[in-house]
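Okay, structure first, notes after.
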2 protein chains.
Amino acid sequence: MPAATISRLSIYSRCLAQLEISGIDTISSHELADRTGINPAQMRKDLSYFGQFGKRGVGYKTSELNKNILKILGLDHEWKVAIVGAGNLGSALSGYRGLKEHRFIVSAVFDSDKSKTGRYCGTVRVSSMDEVKDVVAREGIEIAIIAVPAEAAHWVANQLVAAGLKAILNFAPATLIVPEDVKLRNVDLSIELENLSYFLTNKDREATVENA
Amino acid sequence: MPAATISRLSIYSRCLAQLEISGIDTISSHELADRTGINPAQMRKDLSYFGQFGKRGVGYKTSELNKNILKILGLDHEWKVAIVGAGNLGSALSGYRGLKEHRFIVSAVFDSDKSKTGRYCGTVRVSSMDEVKDVVAREGIEIAIIAVPAEAAHWVANQLVAAGLKAILNFAPATLIVPEDVKLRNVDLSIELENLSYFLTNKDREATVENA
DNA sequence: TAGATTGTTAATCGATTAACAATC
DNA sequence: TAGATTGTTAATCGATTAACAATC
C-alpha cells in the first residue's frame, strides 16, 4: 500500500465529516472525488486495501464510511501526546484547537529549562525533562512532538526513545536518527520555503518551456 | 522533473554546507549518498535536470556545487516573508532562527485584531490586515505564511492573493483555494499525527504480514 | 429490468535505481 | 595507463488511473 494512501484517508475522513454535518448521508466515489480533488478510482483503490465499504450502484454511507476510516487510522479513541519545548512553538502547538478536535490530547509539556517547570502551557503544567520517563508511563503517552531548537533535538529524541515512545513528530530543523521501530516524521519549514523559492525563481522559465 | 527533486536539493545543500565547514572540499555522489541516505544515482539524476556540476573520476567541489544548488533553488539572495497571525504560532515562526539562516527575512507580521497593531513580534511591528497590500508592495514581500485559525484562513488567503503574492505557506488546518498561478503549500499537523496514529495502530499487524 | 456505482484487474504513467560509456 | 566517478540511458519498481465485470 502506498504511504500516500494514509494521508488521503485523513482527507476523505474530513470531507465525510463535513458531509455528515450537511446532512448528506450517501455519497459516491465520484462526488467525493469532486470535493477532495482526488481521483475516484484512487479513492476506491485506497479503500480496497482495507475492505469493502460501499454498495454497488449506490455509493457509501457517509457516517459509516467515516467510522470505518477513523478505525483504520486508529482514531476511534484518544491519543495522549507530549510536547517537548515550552517556547513559542511548543506553546502554539499545545494551544492548537485542532489537536483536541482530532482527539489528540496534550497530556504533558516538557522543557529542559528547569526555571519553566511548574509554569503552565495552556492548561498543562510544564514538567522537567528529568521526568519524561515517569510522566510518559504514568499518563500513557504514546506520541511526542519535538518543538525545541535544532541543537537540543537529538538529545531530546534520545530521551523520548529511552522513555519508550514509538512515534515522534519533529518540528526542529535537525536530522534525527532513531531506532527503526520508532516512527519519525519531520516538518521542515525551511524545505517548504525553499520549494516556494524555487517556484518563484523558475515559474517563468517553466511556463516558457511548457508553452514551447 | 519530479517535485521531490526540489526537496532533495535542499537536503544536498545542507549536507554540502556542513561539509564545507568540516573543510572537505571534494565529494563523490556516493559519499554524499551515505550522508543523506539518498541513492547516489538519484542524486546525480536530480542534478542532471539542471546541468553538469561534477568532474568524472573526481567528484564535486563542495562549495561550488552548493553555490549552484542554492542558485537553482533561488537562494542566492534574500526573500522577504510576511507572517499573518500574531498569535502563538505566528510569534513562534517570526522568532524562528532557521528563517534568517536560510535568508528568509520576516519583514512584516499582520493580524486582523487591531488591538495588536503596533505591538512587536520579535523585532517586527504588527500591522493591521488593512495594510497588507501597501506593506507587501513597499517591503517587496513575495512569500506569506498563514498562521491564523482555520476559520480566518480563507479570507486571509484572498487578501494575500489580492495583494499580489504568488507563494503561500499555510499552517492553518483549512483547505484553501487559490488561483493556479499561486503556489500554495500546506503544513497539516493533524495529518502528520494521523499518520503516526495509523502506524501505532497497525505496526504489529504489518510486522506480522511482513514476517509471514 | 435499466441505470448506477462499486471493487478490482489491467494499463499507464512517473519516479527511482542500475548499468555503463564517457572521461577525468 | 589504471582506477574512479560522472552523466545519462535503459530497466525496474511502484503508484495512479482507466476500464469493466459484478451487483445493488
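Lettering follows sequence order; numbering is per chain, from 1. Since the structure is predicted, the reported quantities are computational estimates derived from the model, not experimental observations.
- The side chain of Ser29(A) places an N or O atom within less than 4.0 Å of a non-bridging phosphate oxygen (OP1 or OP2) of dT6(C).
- Here the C1' atom of nucleotide dC24(D) and the NZ atom of Lys61(A) are 13 Å apart, to the nearest Å.
- By the 4.5 Å heavy-atom criterion applied to side chains, Val156(B) and Met129(B) are counted as neighbours.
- Checked for salt-bridge contact, Lys55(B) and Glu64(B) miss the test: no charged N lies under 4.0 Å from a carboxylate O.
- Listed nucleotides: dT16(C), dT6(C), dT17(C). Nearest to the side chain of Arg8(B): dT16(C).
- No hydrogens or angles considered: a donor-acceptor pair under 3.5 Å links the side chains of Ser10(B) and Glu194(A).
- Of the candidates dA22(C), dT17(C), dT16(C), the closest approach to any side-chain atom of Pro2(B) belongs to dT16(C).
- Taking every heavy atom of both residues into account, Asp111(A) and Ala86(A) meet most closely at OD2-N, 2.7 Å.
- In this structure, the nucleotide among dA18(D), dT9(D), dA22(C) sitting nearest to the side chain of Lys45(B) is dT9(D).
- Phosphate proximity of dG7(C) to Tyr60(A): present, with a side-chain N or O under 4.0 Å from OP1 or OP2.
- The distance between atom CE of Met43(A) and atom C1' of dT5(C), rounded to the nearest whole Å, is 12 Å.
- For the pair Ala41(A) and Gly57(A), both in contact range of DNA chain D, the more 5′-proximal nearest nucleotide belongs to Ala41(A).
- A straight line from CG of Asp46(A) to C1' of dG7(C) spans 13 Å, rounded to a whole angstrom.
- A donor-acceptor contact shorter than 3.5 Å links the side chain of Asn195(B) to the backbone of Ile191(B).
- Between the CG atom of Leu47(B) and the C1' atom of dA15(C) there is a distance of 16 Å, given to the nearest Å.
- Contact between the side-chain N/O atoms of Gln42(B) and the OP1/OP2 oxygens of dA18(C) is not found at any separation under 4.0 Å.
- Within the shown strands, dT16(D) is the pairing partner of dA11(C) under the Watson-Crick or G-U definition, both distances less than 3.5 Å.
- Heavy atoms of Thr5(B) sit nowhere under 4.0 angstrom from any nucleic acid atom.
- A close approach under 4.0 Å does not occur between any side-chain nitrogen or oxygen of Arg44(B) and OP1 or OP2 of dA18(C).
- Rounding to whole angstrom units, CG of residue Leu65(A) and C1' of dG7(C) are separated by 14 Å.
- Using Watson-Crick or G-U wobble geometry with both donor-acceptor distances under 3.5 Å, dA21(D) finds its partner in dT6(C).
- Here the C1' atom of nucleotide dT5(C) and the CD atom of Gln52(A) are 13 Å apart, to the nearest Å.
- Comparing atom distances between the Tyr49(B) side chain and each of dT5(C), dT8(C), dT16(C) picks out dT16(C) as nearest.
- Taking atom CG of residue Asn39(A) and atom C1' of nucleotide dA19(D), one finds them 12 Å apart after rounding to whole Å.
- Take the nearest nucleotide of DNA chain C for Ser48(A) and for Ile38(B): the residue whose nucleotide is more 5' is Ser48(A).
- Summarising the geometry, the separation between CD on Glu31(A) and C1' on dT6(C) is reported as 14 Å, rounded to the nearest angstrom.
- The side chain of Arg56(A) lies closest to dG7(C) when the candidates are dA18(C), dG7(C), dT6(D).
- With hydrogens and angles left out, the side-chain atoms of Ser63(B) and Asp25(B) include no donor and acceptor closer than 3.5 Å.
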